[in-house]
Amino acid sequence: MSKRVGIFVSGGGSNMRALVSDMVGDHPARAAVVVSNNENAGGIAWAREQGIATEVIDHRPFDEDRARFEDTITAALVPYDLDIICLAGFMRVLTAGFVAPWQGRMLNIHPSLLPKYKGLNTHARALAAGDSEHGCTVHLVTPALDDGPILGQARIPVNPGDIAETLAARVLVQEHRLYPAVLRRFASGETAPLTL
Ligand code: GAR
């Protein structure tokens with residue numbers, strides 16, 4: 001039976017689209033729901049067009065009460081009976097209370113070659129450090145931010161003249177290759193790191 005995947009997005013959702021588009025045919029998983037904290041996330045409209053269930057839980061009414069925000073997400077997820085969560089540009093930090101029950105079953109994509117550049121502004125930081133290569137990482141989510149066992153990485157060279165935007169655009173192309181490839185393997189039980 002197909003694994004049931006929930007995909008969490010906050011923005012454009014291009015990684016979500018890459019994942020959904022790959023989950024066809026003999027793929028061992030299917031998208032069961034797309035979750036967002038932002039009703040205006042581009043990814044939400046696209047998911048609805050595809051006939052995928054969506055759950056929007058705006059974080060703002062919860063102020064800084066992350067636990068109550070996360071409890072609301074947890075309750076919304078129950079009917080979907082998920083096997084795997086993929087964070088795909090979900091820009092809210094999840095606490096240990098949410099992460100712990102999903103440990104080993106929740107993936108994240110991050111736009112750097114972890115363990116370098118956890119957090120934000122990864123492309124600018126790679127440039128500022130004078131790195132000759134950069135890339136993206138898919139990892140299992142643990143309570144520590146952008147930490148956890150690495151499931152795959154894709155590398156690209158930093159070109160002379162690169163600025164954060166050009167680097168981000170080339171890394172994003174790699175994200176769209178890496179995340180589907182990792183999820184496909186992960187859903188069939190393969191956790192050895194993939195290098196692209
Ligand atoms: C992607 O570059 C993803 O790696 C990044 O946000 C972007 C979302 O784009 N995630 C993080 O920075 C998480 N720390 P998308 O909405 O088009 O997939």
Side-chain angles (χ1 to χ4, degrees), residues 5-23 31 33-50 52 54-59 66 69-70 73 84-96 98-99 102 106-128 131 133-156 158 162-184 186 194 196:
V5 180
I7 308 175
F8 286 31
V9 303
S10 295
S14 69
N15 276 288
M16 179 271 289
R17 277 177 255 185
L19 292 174
V20 168
S21 303
D22 197 50
M23 282 190 268
V33 63
V34 173
V35 175
S36 185
N37 61 312
N38 175 10
E39 172 67 37
N40 298 319
I44 283 290
W46 185 85
R48 286 182 183 143
E49 282 164 25
Q50 306 303 306
I52 299 170
T54 58
E55 295 286 342
V56 176
I57 298 149
D58 188 343
H59 62 279
R66 288 184 192 270
F69 170 61
E70 292 172 355
I73 297 178
I84 298 170
I85 290 177
C86 289
L87 304 181
F90 187 67
M91 301 310 274
R92 305 301 300 170
V93 172
L94 294 167
T95 71
F98 186 87
V99 170
W102 287 100
M106 179 155 55
L107 282 59
N108 180 43
I109 186 148
H110 184 74
S112 77
L113 293 172
L114 290 173
K116 282 185 160 182
Y117 316 128
K118 298 173 181 181
L120 299 175
N121 304 319
T122 56
H123 311 297
R125 288 156 70 197
L127 286 172
D131 290 356
E133 62 171 10
H134 185 46
C136 52
T137 303
V138 176
H139 65 96
L140 282 167
V141 177
T142 60
L145 183 71
D146 299 327
D147 208 70
I150 289 174
L151 296 174
Q153 289 188 314
R155 292 165 187 274
I156 57 162
V158 176
D162 259 332
I163 57 173
E165 288 74 15
T166 56
L167 204 46
R170 292 209 315 287
V171 168
L172 195 60
V173 171
Q174 297 307 312
E175 294 186 40
H176 298 162
R177 294 175 64 218
L178 180 69
Y179 211 173
V182 169
L183 178 62
R184 197 176 264 265
F186 184 78
L194 175 68
L196 293 184

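Each ligand, and each atom within it, is numbered from 1 in the order the structure gives. On a predicted model such as this, the values are computed, not experimentally measured, just so you know.
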Donor-acceptor side-chain pairing of Ser10 and Asn38 below 3.5 angstrom: no
For a distance cut-off of 3.5 Å, show me each N or O of ligand 1 paired with any protein N or O, plus the separation.
residue  : atom   : partner : partner atom : Å
ligand 1 : 2 (O)  : Glu175  : OE1          : 3.1
ligand 1 : 2 (O)  : Glu175  : OE2          : 2.9
ligand 1 : 4 (O)  : Glu175  : OE1          : 2.7
ligand 1 : 4 (O)  : Glu175  : OE2          : 3.4
ligand 1 : 14 (N) : His110  : ND1          : 3.4
ligand 1 : 16 (O) : Gly13   : N            : 2.8
ligand 1 : 17 (O) : Ser14   : N            : 2.9
ligand 1 : 17 (O) : Ser14   : OG           : 2.5
ligand 1 : 18 (O) : Ser14   : N            : 3.3
ligand 1 : 18 (O) : Asn15   : N            : 2.9
ligand 1 : 18 (O) : Asn15   : ND2          : 3.0

Shortest non-hydrogen separation from Cys136 to Val171 and the atoms involved: CB-CG1, 3.9 Å
Side-chain donor-acceptor contact under 3.5 Å, Thr122 with His110: no
Aromatic ring pairing Phe69/Phe90, orientation class (parallel under 30°, perpendicular over 60°, tilted between): parallel
Where Val141 and Leu107 come nearest, the two heavy atoms and their spacing: CG2-C, 3.8 Å
Under 3.5 Å side-chain donor-acceptor pair for His123 and His134: yes
